[in-house]
**Student:** 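The following block contains the structure, expressed as structure tokens.
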Amino acid sequence: MSSESSSRASILFPLPLPEAFDYLVPEGLELGLGDHVLAPLGKRMVHGVVWGLKPGPGERALKSVEAPMGGAPLPAGTRQFVDWLARYLVQPPGVILRSVLRSAEALKPSPTETLYQVSGTEAPRMTAARAAVLDAALALGEASAADIAREAGVGAGVVKGLATAGALTTISRPIDPPYGIPDPEAEGLSLTMLQAEAGGVLRRLVRAGGFQAALLDGVTGSGKTEVYFEAIAEVLRRHPDGQILIMLPEIALTAAVLSRFEARFGCAPAIWHSAAGPKVRRRCWREVAEGRARIVVGARSALFLPFTNLKLIIVDEEHDPTYKQDEGLPYQGRDLAVLRAKIEGAMIVLASATPSLESLTNAQAGRYVHVRLPARPGSAVLPQVDTIDLREHPPEAGRWISPPLIAAMVETLQAGEQVLLYLNRRGYAPLVLCRACGHRMTSPDTQSYLVEHRYTGRLVCHVTGFSMPRPKFCPECQAEDSLTSVGPGVERVAEEAKHLFPDAKIEIYSSDSASGADLVDRMERGEIDILVGTQIAAKGHNFPNLTLVGVIDADLGLAGGDPRAGERTFQTLVQVAGRAGRAERPGRALLQTHQPEHEAIQALIAGDRDAFLETEMMAREALGLPPFGRMAAISFQARDVQAVEAAAGRYAAAAPLTDGVEIWGPAEPPRALVRGWHRRRILVRADKAIDISAYLRAWKSRVKIPPSIRVTIDVDPYSFM
Ligand code: ADP
């Protein structure tokens, strides 16, 4: 067993194991770092990645690597990213590797098809059928057996027979056409002065090389996309093999964005998002690993792709809450993108009209280059924002659109322009209760209110997906027809709009809509007069004929104790108002509110984002909250409420005492009971100077929690509530 040449490989598996394990490398097998192998783990053969190589057979008796698996090795940068993330996110490295590998199927070679061509060699036995095939093959050039057979009017067996006989040669060709080569010199829009200046700053950063970070801070509709296209073009010019990742919120990955890209660079990018089928994703993964995909447009999980030569990352709409993943492996995609850029020595551009406080702080501190675009191109101007005080102008009883908003809608529709009514509530009504006994319909699993969806006639739990038909009798007091719908959702506002404007074409756009892309197209073509939408409608779209945005409830989101609520509401309202007036026609936004004096609303009207953010920053700084301190959440879940309480209690008791760290809880988080799982949570706040990941790792190593309890550590919880 101990020959001189034998050596060991430590193999990391995409599993929640504490570390990589050592194996013997069988003689004659050459392994390199990042190679994919099969190795025995317990009774199974498991796909793992070579994480380290060591000389000699070592002291312990080791099992041997079974076989190499092929596929491009995992690049060094990607492996380093896995190791960094494991430490930063306080996770076993195999859990991060699992996010990178996704499915071992990515390793299968690209699918090919076999084509046939006349070889010039004569077939030994000529028949009429064979002669017909040879004629057909001559006429078709390279073609599949099925095509030749069809042309010749014979079975495909004859074609294959001729190949065996040597009269046809076979060629194997990849089925997927290669990704196109993007052309940096393709004709783009001619940039405005402001855009050209901003583009120039980004190009200079590309030329400087290495890790660079820029915050592209431009008002809605200012042309941020055109500006970051300049950075992309510069990377394409300077780095013939360089790769570029454009990250978008999942929802924004629409045909409109992709066609804009195609128009600028002359070919479609590779695409990575959850709705893309496994085939599309597999192909993307493989071509990224082989360095052939130059530009990837993807959602947050595209960060985990095995780039070989990443030069630029764009995070568009960087403030968007969907960059934060809460379930499974919790991470903030924007932060990870910055980390990845650092590891790869790449440049990163964070783009937004309403940057996160985190990114603004980094820009103000000089860690990011602050690139501003304060105006829209051409004659497009920012929408005029006004409030409608609902205390003075209440809608009719049981209605939600106030008289001043109705008047504005009349004007807009008469001018042949479009209206967006925004309400961030799916369904018909957020609550259904019994007029007779006051019973509220709640979800059996979470006790949260069931939301009425009139379109489907069901009551739905938005937490678990539980649903039931709307009952005829109150389940509590059995009264008949006593259930009443309370409050508005988009379906109800659409119903009201239909009642007010019977001739208008009205559509609802929410995550329940069958095809969002189709609605966006029809809206762009002017085939919809009034779009009633949730936040899905507020993001990134360009509707040139949209000139009025009515916000049904601007206060929604300002209530509650979440310190990020103000920032989030402000961002959403700026974005939704920003949908209006993106072309020649000026737009306006009307916010229905009960508290027009609230500072978020005041700042919106004044168009004074910086003043608003300044107050927010001061509040956060006073509390030591991000970005002025660090937060983490440790969650415990179990079927048994006593077990979860005991575990959370023991965990909290084991916290290392350190100056500058505060521990809150364990306490019941919102949704403390979901589908039979009880939850408890500990919140941790640390001063900026403290390495919170290291602190959490040290803490974790002090406690043993039984496997029946799920423990999740989130080093940057989005909501502190
Ligand atoms: P942002 O991302 O900043 O909201 P976009 O990049 O989506 O803005 O641009 C908004 C709209 O303005 C798009 O329809 C875009 O095609 C148009 N646009 C941007 N820059 C120019 C320009 N220089 N010339 C003509 N149209 C432009």
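Predicted, not measured: the structure shown is a model, and the values here were computed from it. Whatever order the structure lists them in is the order used to number ligands and atoms, beginning at 1. No hydrogens, no waters, no symmetry mates; every other heavy atom, side chains included, goes into these values.
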**Student:** Short N/O distance, under 3.5 Å, between G223 and ligand 1?
**Tutor:**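 Yes.
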
**Student:** How far apart are the closest heavy atoms of K224 and G218, and which atoms are they?
**Tutor:**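 Answer, listing the atom of K224 first, then G218: NZ-O, 2.9 Å.
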
**Student:** So, R367 versus S359: side-chain donor-acceptor pair below 3.5 Å or not?
**Tutor:** no

**Student:** Output all residues satisfying salt bridge (Lys or Arg N to Asp or Glu O under 4.0 Å) with E507, sequence neighbours left out; order by chain, then residue number.
**Tutor:** R522

**Student:** Counting only heavy atoms, which portion of V219 has something under 4.0 Å from ligand 1: side chain, backbone, both, or neither?
**Tutor:** backbone

**Student:** Write down the atom of Y228, the atom of L248, and the distance for their closest heavy-atom approach.
**Tutor:** OH-CD2, 4.4 Å

**Student:** Suppose I only count heavy atoms of T225 and a 4.0 Å limit; which atoms of ligand 1 are within that range?
**Tutor:** 2 (O), 5 (P), 6 (O), 7 (O)

**Student:** Quick check on G221 - does any of its heavy atoms sit under 4.0 Å from an atom of ligand 1?
**Tutor:** yes

**Student:** Answer yes if the ring centres of Y331 and F304 are under 6.0 angstrom apart, and no otherwise.
**Tutor:**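 That pair passes the under 6.0 Å test.
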
**Student:** When R334 is tested against each of L339, I348, D320, L350 for side chain to side chain contact (heavy atoms under 4.5 Å, CB included), which residue passes?
**Tutor:**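 The option that passes is L350.
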
**Student:** Tell me which one of K224, R260, E226 gets a heavy atom nearest to atom 7 (O) of ligand 1.
**Tutor:** R260

**Student:** If you measure from the Lys or Arg side-chain nitrogens to the Asp or Glu carboxylate oxygens, is any gap between R237 and E185 under 4.0 Å?
**Tutor:** yes

**Student:** At a 4.0 Å threshold, what atoms of ligand 1 neighbour a non-hydrogen atom of L189?
**Tutor:**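 Atoms satisfying the 4.0 Å criterion: 16 (O), 18 (N), 21 (C), 22 (C), 25 (C), 26 (N), 27 (C).
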
**Student:** What do we get for A353 next to ligand 1 when only non-hydrogen atoms under 4.0 Å count, side chain, backbone, both or neither?
**Tutor:** neither

**Student:** Can an N or O of S190 be found at a distance shorter than 3.5 Å from an N or O of ligand 1?
**Tutor:** yes

**Student:** Quick check: L191 and ligand 1, any N/O pair under 3.5 Å apart?
**Tutor:**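 Such a contact does not occur with ligand 1.
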
